[in-house]
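Labels below follow one simple rule: chain letters A, B, ... track the order of the sequence lines, proteins then strands, and each chain is numbered from 1. As the structure is a prediction and not an experimental result, all values here were calculated from the model.
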Amino acid sequence: MPSSYLCNMSKKVRVRFAPSPTGGLHLGGVRTVLFNYLFARQHDGDFIVRIEDTDQNRFVKGAEAYIFECLQWCGLNPDESVLQGGPYAPYRQSERKEIYRQYAEQLVKDGRAYYAFDTPAELERMRDLLKTKGSSSLQYDHHVRMNMNNSLRLLPEETQQLLDAGTPYVVRIKINPDEFVPFTDMIRGEISFDTNAVDDKVLLKADGMPTYHLAVVVDDFLMKITHAFRGEEWLPSAPVHILLWQYLFGLENMPQWAHLPLILKPDGNGKLSKRDGDRLGFPVYAMDWADPVTKEITKGFKEIGFLPEAFINLLAVLGWNDGTEQEIFSMEELIAKFNIEKVHKGGAKFDFEKAKWFNHEWIKKLDVSHYAERVKNIFESKGITIADDAYLKKVMELVKERCTLLPDFFTQGNFFFQAPATVDTTSIQPKWDEKKNMFFVELIKSWQLSTLWNSGELEISFKELAAANQLKTGELMLPLRLMLVGGKFGPGVFEIASAIGKESTIKRIEYTLALLQ
RNA sequence: GCCGCGUUGGUCAAGAGGUUAAGACGCCUCCCUUUCACGGAGGAAUCACGGGUUCGAGUCCCGUACGUGGUACCA
């Protein structure tokens with residue numbers, strides 16, 4: 001059964017992600033991109049990234065390039081953007097400034113918007129007055145606009161005079177009272193707003209830049225966007241956008257809306273913020289973000305050792321699932337199975353433990369050759385240079401089911417490359433005796449002569465020697481592990497001995513033997 | 001305050017009037033493994049509350065509570 005939102009199949013699906021370059025790329029932002037991307041791909045549509053940089057005060061240098069790096073890491077590459085261009089360029093709103101003005105003027109001409117000359121101080125005075133009157137609304141709307149300094153109240157000549165004199169002004173939309181603005185949200189169904197609760201939003205700012213409200217509508221039209229997915233925080237301003245569509249381009253050309261649920265903090269309620277991540281010890285941004293002013297670095301999922309596959313996977317199932325028990329999805333599966341109508345309405349608390357579980361699952365099925373370089377770098381940062389790639393891959397294969405995050409390859413595998421820095425003998429020291437000592441002395445002699453150095457042979461000779469000495473194998477396995485690994489963890493001991501080689505094995509046994517004397 | 005949206009175990013969630021209310025994470029027990037992990041078996045724990053509608057409500061309706069978002073010349 002074709003879904004209702006696809007009834008007009010004559011139009012090619014086009015979606016967009018429209019971030020503001022103001023800082024790190026938040027989990028919620030990535031999920032918004034992901035849902036857009038998935039929808040575009042499954043409908044053979046286009047995925048556009050448009051930079052919404054209309055607020056010069058909040059612009060942060062480097063943030064735009066950073067966003068694209070994050071998208072690339074996630075594998076969410078746009079079809080059109082400031083990077084590769086496209087038929088609807090420019091894709092940066094600051095470069096489209098003049099386009100928006102035309103539409104603002106058009107709205108004024110049509111009587112759907114007006115010039116407002118109120119200064120910030122005057123606006124403040126208006127709100128203070130409203131407050132003292134006990135008004136339930138502090139909005140600039142039909143209740144107050146005829147008392148304000150705008151082209152609705154002023155005579156046309158007066159307005160023209162102010163305009164000619166270069167008086168700073170904004171353009172505000174004129175919202176009619178007592179109207180209903182209904183629309184269909186792909187996730188929430190029918191939603192209706194009462195215009196009495198919406199204010200005369202500023203469309204064009206005094207600096208000539210559009211606000212989000214004007215820019216999003218104009219650009220979505222010009223760029224032929226068919227489906228607009230954005231965060232739930234935009235729901236309250238949806239009526240403004242819908243009215244703008246109605247006034248400017250016609251409702252029949254308006255994209256289908258979907259307002260995505262928020263990602264909430266793990267404890268308590270509320271939107272997940274960077275602060276929560278810092279406080280609870282997990283990242284909130286996709287990649288490390290270095291604030292250009294404070295130089296402060298905020299950790300990203302990539303840098304703490306998440307796989308992009310896992311990151312995408314965990315984000316996809318935060319607020320969405322396909323109705324089956326499946327939890328592990330590759331990008332291809334997501335493209336095939338994602339359904340925007342099955343996205344939850346309510347926000348989801350972020351659970352870092354579960355996030356790590358996804359990473360663990362993906363590391364278990366990881367193609368080691370794909371990540372050998374990355375792991376090699378981790379080892380190098382810890383002072384271990386790896387020359388033998390084949391050996392590294394073998395080690396990775398041996399320990400990967402024990403790794404949750406990429407750096408775990410170091411903690412789980414460093415003893416394959418160097419003798420353990422410390423050997424914790426506390427658990428064997430009390431029961432250590434001369435008999436055991438002699439066993440290992442003999443074991444060294446025996447292994448020294450061994451020509452077949454593989455785990456099977458090693459295990460057999462070990463057990464035979466134990467039997468000959470009337471010792472239980474079980475009492476000797478842990479000491480051997482401690483000698484080779486330094487702690488109670490890791491793959492099978494004989495596998496380890498086999499991998500690190502005869503010389504290292506014997507050296508490590510001798511070292512701990514001396515320690516135990 | 002006003003407007004909107006939401007609410008199934010601790011968390012993510014399945015669920016479209018009739019189910020012993022799936023499954024996953026985390027936690028606990030056991031098995032496997034002479035380590036850890038993986039794997040396997042099991043356990044504790046839930047429909048926010050109150051009214052309706054109905055033979056029957058987690059599912060539909062209305063209230064209430066709680067939460068959350070918005071209420072900027074920010075997006």
Q: Pick base, sugar-phosphate or nothing for A:G346, based on heavy-atom distances below 4.0 Å to the nucleic acid.
A: sugar-phosphate
Q) Within less than 4.0 Å of OP1 or OP2 of B:U71, is there a side-chain N or O belonging to A:K131? A) no
Q: Identify whether any heavy atom of A:G490 sits under 4.0 Å from a base atom; if not, whether one sits that close to sugar-phosphate; answer base, sugar-phosphate or nothing.
A: base
Q: Report which part of the nucleic acid A:T54 touches: base, sugar-phosphate, or nothing (heavy-atom distance under 4.0 Å, all strands).
A: sugar-phosphate
**Q.** Partners passing ring pair (Phe, Tyr, Trp, His ring centres under 6.0 Å) against A:F229 (at least two apart in sequence or in another chain)
**A.** A:F39
Q) So which one's nearest nucleotide on RNA chain B is more toward 5', A:P236 or A:D194? A) A:D194
Q: Applying side-chain hydrogen bond (donor to acceptor under 3.5 Å, both in side chains), name anything that partners A:K271, two or more places apart in sequence or on another chain.
A: none
Q.
Under 4.0 Å, heavy atoms only, any strand: does A:V317 hit a base, just the sugar-phosphate, or nothing?
A. sugar-phosphate
Q: Would you kindly say whether A:N359 and A:T404 are connected by a side-chain donor-acceptor distance under 3.5 Å?
A: no
Q: Consider only side-chain N and O atoms of A:D219 and A:Y100, and report whether a donor and an acceptor are under 3.5 Å apart.
A: yes
Q: Please report, rounded to the nearest Å, how far the C1' atom of B:C38 is from the CG atom of A:L398.
A: 13 Å
**Q.** Any A:N321 side-chain nitrogen or oxygen under 4.0 Å from OP1 or OP2 of B:A13
**A.** no
Q. When we call it a touch if two heavy atoms are under 4.0 Å apart, what does A:P19 touch: a base, just sugar-phosphate, or nothing?
A. nothing
Q) Touch check for A:T473, heavy atoms < 4.0 angstrom, all strands: base, sugar-phosphate only, or nothing? A) base
Q.
For a quick check of understanding: with a heavy-atom distance under 4.0 Å over all strands, which category does A:H344 fall into, base, sugar-phosphate or nothing?
A. sugar-phosphate
Q) By ring pair (Phe, Tyr, Trp, His ring centres under 6.0 Å), which residues pair with A:H241, not counting sequence neighbours? A) A:Y212, A:H213
Extract from the structure each pairing of a protein N or O with an N or O of nucleotides 39-45 of chain B at less than 3.5 Å, listing the distance.
from: B:G39; atom 1: OP1; to: A:K364; atom 2: NZ; distance (Å): 3.0

Q. Counting just side-chain N and O atoms, does A:R481 come under 4.0 Å of either OP1 or OP2 of B:U34?
A. no
Q | Spacing of A:H241 atom NE2 relative to B:A75 atom P, expressed in whole Å | A | 10 Å
Do any N or O atoms of the protein come closer than 3.5 Å to N or O atoms of nucleotides 59-62 of chain B, and which pairs are they?
none

Q) For A:G134, which contact category applies under a 4.0 Å heavy-atom criterion: base, sugar-phosphate, or nothing? A) nothing
Q | RNA chain B: 5'-proximal contact among A:F117 and A:W320 (nearest heavy atom) | A | A:W320
Q) Are any of A:K345's side-chain N or O atoms less than 4.0 Å away from OP1 or OP2 of B:G69? A) no
Q. Contact class for A:D118 vs. all strands (heavy atom < 4.0 Å): base, sugar-phosphate, or nothing?
A. base
Q. Quick one: A:N196 CG to B:U71 P, roughly how many Å, whole number?
A. 19 Å
Q: Check whether any side-chain nitrogen or oxygen of A:K354 sits under 4.0 Å from OP1 or OP2 of B:C12, and answer yes or no.
A: no
Q | Any-strand Watson-Crick or G-U partner of B:A21, both distances under 3.5 Å | A | none
Q: With sequence neighbours left out, write down each residue that passes side-chain hydrogen bond (donor to acceptor under 3.5 Å, both in side chains) with A:N150, or none if nothing qualifies.
A: A:Y140
Q. Does a side chain donor of either A:T54 or A:Q93 reach within less than 3.5 Å of an acceptor in the other side chain?
A. no
Please tabulate the protein-to-nucleotide N/O contacts below 3.5 Å involving nucleotides 28-30 of chain B, giving atom names and distances.
none

Q) Nearest of B:U35, B:G4, B:A24 to any side-chain atom of A:E232? A) B:G4
Q | Residue pairs fulfilling side chain to side chain donor-acceptor pair (under 3.5 Å) with at least one residue in residues 460-471 of chain A, sequence neighbours excluded | A | A:W447-A:S461, A:E459-A:K463
Q. If you look at every strand shown and take non-hydrogen atoms under 4.0 Å, does A:R127 touch a base, only sugar-phosphate, or nothing?
A. sugar-phosphate
(Q) Any base atoms under 4.0 Å from A:V202, or only sugar-phosphate, or nothing? Heavy atoms, all strands. (A) sugar-phosphate
Q: Determine the contact category for A:K365: base if any of its heavy atoms lies under 4.0 Å from a base atom, sugar-phosphate if only primed atoms, P, OP1 or OP2 are that close, otherwise nothing.
A: nothing
Q) Do the non-hydrogen side-chain atoms of A:F409 and A:L366 ever get within less than 4.5 Å of each other? A) yes
Q) Any side-chain heavy atom of A:F338 sitting closer than 4.5 Å to one from A:W320? A) yes
Q | Inter- and intrachain pairs under salt bridge (charged side-chain N to carboxylate O under 4.0 Å, His left out), touching residues 191-215 of chain A, at least two apart | A | A:R145-A:D200, A:D199-A:K201
Q: For A:F415, check ring pair (Phe, Tyr, Trp, His ring centres under 6.0 Å) against everything at least two apart and list the hits.
A: A:F489
Q: Identify which nucleotide among B:U35, B:G70, B:G4 has an atom closest to any side-chain atom of A:F193, counting heavy atoms from C-beta outward.
A: B:G4
Q. Quick one, which residues of residues 399-406 of chain A touch RNA chain B with a heavy atom under 4.0 Å?
A. A:E401, A:R402
Q) Which part of the nucleic acid, if any, lies within contact of A:L262, taking any heavy atom under 4.0 Å across all strands shown: a base, the sugar-phosphate backbone alone, or nothing? A) sugar-phosphate
Q: Sequence neighbours left out, what pairs pass salt bridge (charged side-chain N to carboxylate O under 4.0 Å, His left out) with at least one residue falling in residues 347-367 of chain A?
A: A:E327-A:K354, A:E353-A:K356, A:E361-A:K364
Q | Sugar-phosphate only, base, or nothing, as touched by A:L203 at under 4.0 Å among non-hydrogen atoms | A | nothing
Q.
Under a 3.5 Å cut-off for both contacts, is B:U71 paired Watson-Crick or G-U wobble with anything, and if yes, with which nucleotide?
A. B:G1
